[in-house]
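Worksheet: one structure, shown below.
Count residues from 1 along the sequence. Every number for a ligand or one of its atoms is a count from 1 in the order of the listing.
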Amino acid sequence: MKATGRGVACRERGSRGQSYIFNALTLSEKSLIASIREQARPGKKIVAGIGDDCAVLRIPAGHEALVTTDFSLEGMHFRREWHAPEVVGHRCLTRGLSDIAAMGGAPIAAFLSLALPRSLTRSWVERFLKGLLGLADSFGLTLAGGDTAESPNGVLVDIVVVGSVPRGKAIRRSGAKPGDRIYVSGGLGASAATLELLRLGKKLRAADYLQHFRPMPRVEVGRGLQEKGLASAMIDISDGLSTDLHHICSESEVGAEIRTAAIPLARIGKARRQVEMKFALHGGEDYELLFTAPRNKTVPKQIAGVATTEIGRITRRKHVVLIDEKGVRDLPAQGWQHFQRSE
Ligand code: ADP
Ligand code: MG
């Protein structure tokens, strides 16, 4: 947004003292962007990054661009009293990287739109950036642009991640076929189980609950599956296994049978206690990958150091069901709705 346009927008809101707010914001916005620019790493695929009207990115020859955008909203995706600024920064980039992983792609650049309340301290923003850029660095990803504005209420973050994948090789949600086996990476339910503890007022040591506080997007796993041509369909588990499996099934026009006993339950806390099944089935923000593979393909037990577990199979009948010793029952899409249930 150009400065003139921003000024008009402020005057239109028109309460007393607005022009002061506008001036103050403009000053701090400039120095904030300068600081972000200093910290953002250059990258081989970045022709131009922060500082111009657009970033210029190099997409490798024979590849297609992947683009994803995700909100992280205070009160919805995080709470400042539960989540340290570094954790918010890390988790917000994980959302974008996990989408790139789910297509089997490699990330190139991130774009960060920030709306910040006036009351927020500079140190909160710097720590937020530290968390975000730390994760970006570990994937060789450049922060190549964004936007900065004042928020009337709460911290609002939108992250865009651009990646690439060899032409025609993106792993879509729509490719599952009857008979394909269904797999997940890692363990499920840690993030929602941790959130439940936070909601109960427990003070947690972040290092014992890393899957919630510092989830690692499964970029190498997704890329490995793509390079070996193993997966017929894939999605990242951001809304919960039940909901995300329904997404694959509806896009692929198939159904699924899941064996409850096969679902890998995550372990949390110092004692590495297994989480309850409800969190694994419906808990959001696990950022593991859910994928299908044709029956005749052998999926390694581990990819890039992460376990893969077969949990069921794709069916022609368009129902999603759970199978356990009690029999067969429907698995409705009951993906966990962030903070909403308890409020
Ligand atoms: P414009 O008016 O063209 O949108 P801005 O003043 O908003 O320009 O931004 C200047 C430069 O700083 C641009 O390259 C933009 O991408 C970058 N930028 C602005 N805000 C952020 C941010 N929060 N994170 C990263 N880059 C940012
Ligand atoms: Mg701008």
Side-chain angles (χ1 to χ4, degrees), residues 1-13 19 21-59 65-74 77-78 80 83-97 99-100 107-163:
M1 197 199 274
K2 296 287 177 276
T4 44
R6 207 183 285 122
V8 169
C10 285
R11 276 197 298 278
E12 275 170 0
R13 271 191 266 128
S19 70
I21 293 171
F22 167 53
N23 288 336
L25 177 68
T26 309
L27 285 178
S28 59
E29 179 191 339
K30 266 196 188 144
S31 75
L32 179 60
I33 295 175
S35 154
I36 295 176
R37 186 175 183 175
E38 243 167 60
Q39 295 174 61
R41 288 241 174 128
K44 274 197 278 251
K45 294 176 187 160
I46 314 300
V47 182
I50 294 175
D52 216 316
D53 295 311
C54 285
V56 182
L57 307 180
R58 194 172 289 129
I59 304 296
L66 300 170
V67 184
T68 174
T69 178
D70 289 279
F71 270 132
S72 294
L73 309 177
E74 184 174 353
H77 301 95
F78 67 91
R80 266 190 271 161
H83 299 109
E86 293 86 351
V87 164
V88 179
H90 177 110
R91 280 167 43 102
C92 105
L93 181 57
T94 292
R95 295 164 70 74
L97 283 173
D99 283 331
I100 299 289
I108 296 176
F111 297 82
L112 173 67
S113 290
L114 280 176
L116 307 172
R118 283 205 82 190
S119 57
L120 200 69
T121 61
R122 182 63 179 254
S123 116
W124 193 96
V125 185
E126 292 294 345
R127 290 176 58 192
F128 165 87
L129 283 168
K130 199 168 152 229
L132 188 146
L133 292 171
L135 184 64
D137 278 356
S138 58
F139 286 96
L141 177 75
T142 301
L143 180 59
D147 202 18
T148 306
E150 185 177 339
S151 159
N153 216 331
V155 176
L156 312 173
V157 185
D158 182 56
I159 190 100
V160 171
V161 180
V162 176

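Within the 3.5 Å criterion, the main-chain N or O of F78 finds no donor-acceptor partner in the side chain of R91. With hydrogens and angles ignored, the 3.5 Å screen pairs a side-chain donor or acceptor of T142 with a backbone N or O of R41. In this structure, S35 contributes its side chain and S31 its backbone to no donor-acceptor pair below 3.5 Å.
Taking distance alone, with nitrogen or oxygen atoms compared against 3.5 Å, T148 approaches ligand 1 more closely than that limit.
Screening L66, L93, V67 for a side-chain contact (heavy atoms from CB on, under 4.5 Å) involving V161 leaves a single residue, L93. Under the side-chain contact (heavy atoms from CB on, under 4.5 Å) test applied with S113, the options D158, L156, I159, V157 reduce to a single match, D158.
Counting heavy atoms under 4.0 Å from ligand 1, residue I50 touches it through both backbone and side chain. Only the side chain of I33 comes within contact range of ligand 1, with a heavy atom under 4.0 Å; no backbone atom does.
When each atom of ligand 1 is checked for a heavy atom of L112 under 4.0 Å away, the hits are 22 (C), 23 (N), 24 (N). Shown in contact with I36 at under 4.0 Å from a heavy atom are these atoms of ligand 1, numbered in order with element: 22 (C), 23 (N), 24 (N), 25 (C).
Annotation: the span from E86 atom CD to L133 atom CG amounts to 12.0 Å, rounded to 0.5 Å.
The residue among C54, G146, G51, S113 with a heavy atom at the shortest distance from atom 14 (O) of ligand 1 is G51. With D147, D52, D53, L132 as candidates, the residue nearest to atom 13 (C) of ligand 1 on a non-hydrogen basis is D52.
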